[in-house]
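First up is the structure itself, then whatever we jot down about it.
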Amino acid sequence: ECPGTGSAQAGRAAACQGCLNQGLCAAGAAGPDPAEAAELRARLRTVRHTVLVLSGKGGVGKSTFSALLAHGLAADETKQVALLDIDICGPSIPKMMGLEGEQVHQSGSGWSPVYVEENLGVMSVGFLLSSPDDAVIWRGPKKNGLIKQFLRDVDWGEVDYLIVDTPPGTSDEHLSIVQYLSATHIDGAVIVTTPQEVSLQDVRKEINFCRKVKLPIIGVVENMSGFVCPKCKNESQIFPPTTGGAEKMCQNLSVSLLGKVPLDPQIGKSCDRGQSFLAEAPESPATLSYRNIIQRIQEYCEQHHLQEEKIM
Amino acid sequence: TPAERTNLAGVRHILLVLSGKGGVGKSTLSTELALALCNAGKRVGILDVDLCGPSIPRMLRVQDSAVHQCDSGWVPVFVGQDKAIALMSIGFLLERPDDAVVWRGPKKNALIKQFVTDVAWGDLDFLIVDTPPGTSDEHISTVEALRPHQLLGAVLVTTPQ
């Protein structure tokens, strides 16, 4: 008999031998205790949709994508969007959203997110540092504690979309966010990659992580997918898809390819300057790709919601 | 302990390759550095402590290799044209390459300590240690485990933005 993933015996009981999840349970505290779970559920009750942005591989454009997804969804002024950055060692979101130097304020109802627009709020450890160059050299348990605080103490209010940007890897932050959010509900994960095999091999692991923890995969985004020279219009594969790129991987693993985004030097520039690339370069092929992908994610979430309402 | 001194005792210089940021080319540089030093006649080893995303085995075409034990610990995989570079990576311990290593800090720390003390490196001029992005468990544990030994220093990798 499974002792239960939340039990102190999780992964350690005799019945756990041979269970596919044994390693996962034994690796650490398997989730929030019932009181904590109730607290988180209460706080996150007002969040309609939650999307995790994952990769496994570093530097493929998770934060860039998270920021643009947030901007894209917030373009509809009737929607309230929240962007939570749980990359504690390398928080890129404050800079990308033009919010460097901002501080977090406390009120009676909790921590206030930092607002970029009236309908777009952001939270990141970056806002808690006294200087952007301060290294956060924390071991797993301390990182988990902050992530729990972000979910429990931030007063997000009524939110249509909560987007969670994650660090590379499959470790404490990822386990924690999935476990803490199990108190509420995650629509799914968007997995970001680049075309080369060195990235794909880490991304396959991430896909397996999602399956292990029963996190639905909305789909995969392939960034840095080709470069079109603005002068001669020739297309080059800067990161050649030597093993078929995300397309082949998605076919092999039966996940959806949400889209491919070409390299555009303006993307990096906009990020560095804290501006929305979608707003600064509306005509870029990359913008078109991003917008299509964002729409597909929205459709997935709305459909999911309709199905749930039908069931209820 | 005597075992610790034995396994790293023959290593002259230990070099960490760090970044903070992911995807800037740490593993690529670690590999190229090892190959260049080897070409220059040095005895080189690579320790890949990126437990979640071990890239080095594929970069050196040994992703299908397995590791064995000897009396002094684990035997590294020998790679490169003359099989002259010694490599240890968690990549070799995975049953299937697509298996995610979903471990929390304490378990990662335990393995890193083992990698540092229980690999029979033999005599090396350089041991290059490739790290994952961030400043967390792997980095703290690696530096702590290596500190009693000859830590040459760190090379930091970035991209322009």
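First the proteins, then the strands, lettered A, B, ... as listed; each starts at 1.
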> When rounded to the nearest 0.5 angstrom, what is the spacing between CZ in A/Phe239 and CG in A/Asn223?
Replying inline: 10.5 Å

> With under 30° as parallel and over 60° as perpendicular, where do the rings of B/Phe126 and B/His13 fit, or are they tilted in between?
Replying inline: tilted

> Most heavy-atom pairs under 4.5 angstrom with chain B, which of A/Ser176, A/Ala135, A/Gly56?
Replying inline: A/Ser176

> How long is the span from the CD atom in A/Glu197 to the OG1 atom in A/Thr243, to the nearest 0.5 Å?
Replying inline: 3.5 Å

> Which bit of B/Asp99 comes within less than 4.5 Å of chain A, counting heavy atoms only: side chain, backbone, both or neither?
Replying inline: backbone

> Based on non-hydrogen pairs under 4.5 Å, which of A/Val198, A/Thr194, A/Asp272 is most in contact with chain B?
Replying inline: A/Asp272

>> Within this structure, what is the CG-CG distance for the pair B/Leu47 and B/Leu16, rounded to the nearest 0.5 Å?
In response: 9.0 Å

> By a 4.5 Å heavy-atom criterion (distance strictly below it), what part of B/Pro54 contacts chain A: side chain, backbone, both, or neither?
Replying inline: both

> Can you name the nearest heavy-atom pair linking B/Asn7 to B/Thr117, along with the distance?
Replying inline: ND2-O, 2.7 Å

>> For A/Asp87, which atoms come within 4.5 Å of any heavy atom of chain B: side chain, backbone, both, or neither?
In response: neither

> Of the backbone (N, CA, C, O) and the side chain (C-beta and beyond), which part of B/Pro132 lies under 4.5 Å from a heavy atom of chain A, both, or neither?
Replying inline: neither

>> Can you tell me which portion of A/Lys142 sits under 4.5 Å from chain B's heavy atoms? Options are side chain, backbone, both or neither.
In response: neither

> Of B/Ile85, B/Leu33, B/Val79, which meets side chain to side chain contact (heavy atoms under 4.5 Å, CB included) against B/Cys38?
Replying inline: B/Ile85

> With a 4.5 angstrom heavy-atom cut-off, which part of A/Asp172 approaches chain B: side chain, backbone, both or neither?
Replying inline: both

> In terms of heavy-atom pairs under 4.5 Å with chain A, which of B/Asn109, B/Leu51, B/Thr159, B/Val24 leads?
Replying inline: B/Asn109

> Taking atom CD of A/Glu247 as the centre, does the number of heavy atoms from other residues, nucleotides or ligands within less than 6.0 Å exceed 12?
Replying inline: no

>> Only pairs of heavy atoms separated by less than 4.5 Å count here; which of B/Gly134, B/Ser55, B/Ser19, B/Ser27 has the most with chain A?
In response: B/Ser55

> If you measure from CD1 on A/Ile86 to CZ on A/Phe150, what distance do you get to the nearest 0.5 Å?
Replying inline: 9.5 Å

> What residue, out of A/Ile137, A/Ile88, A/Asn208, has the most heavy-atom pairs lying under 4.5 Å from chain B?
Replying inline: A/Ile137

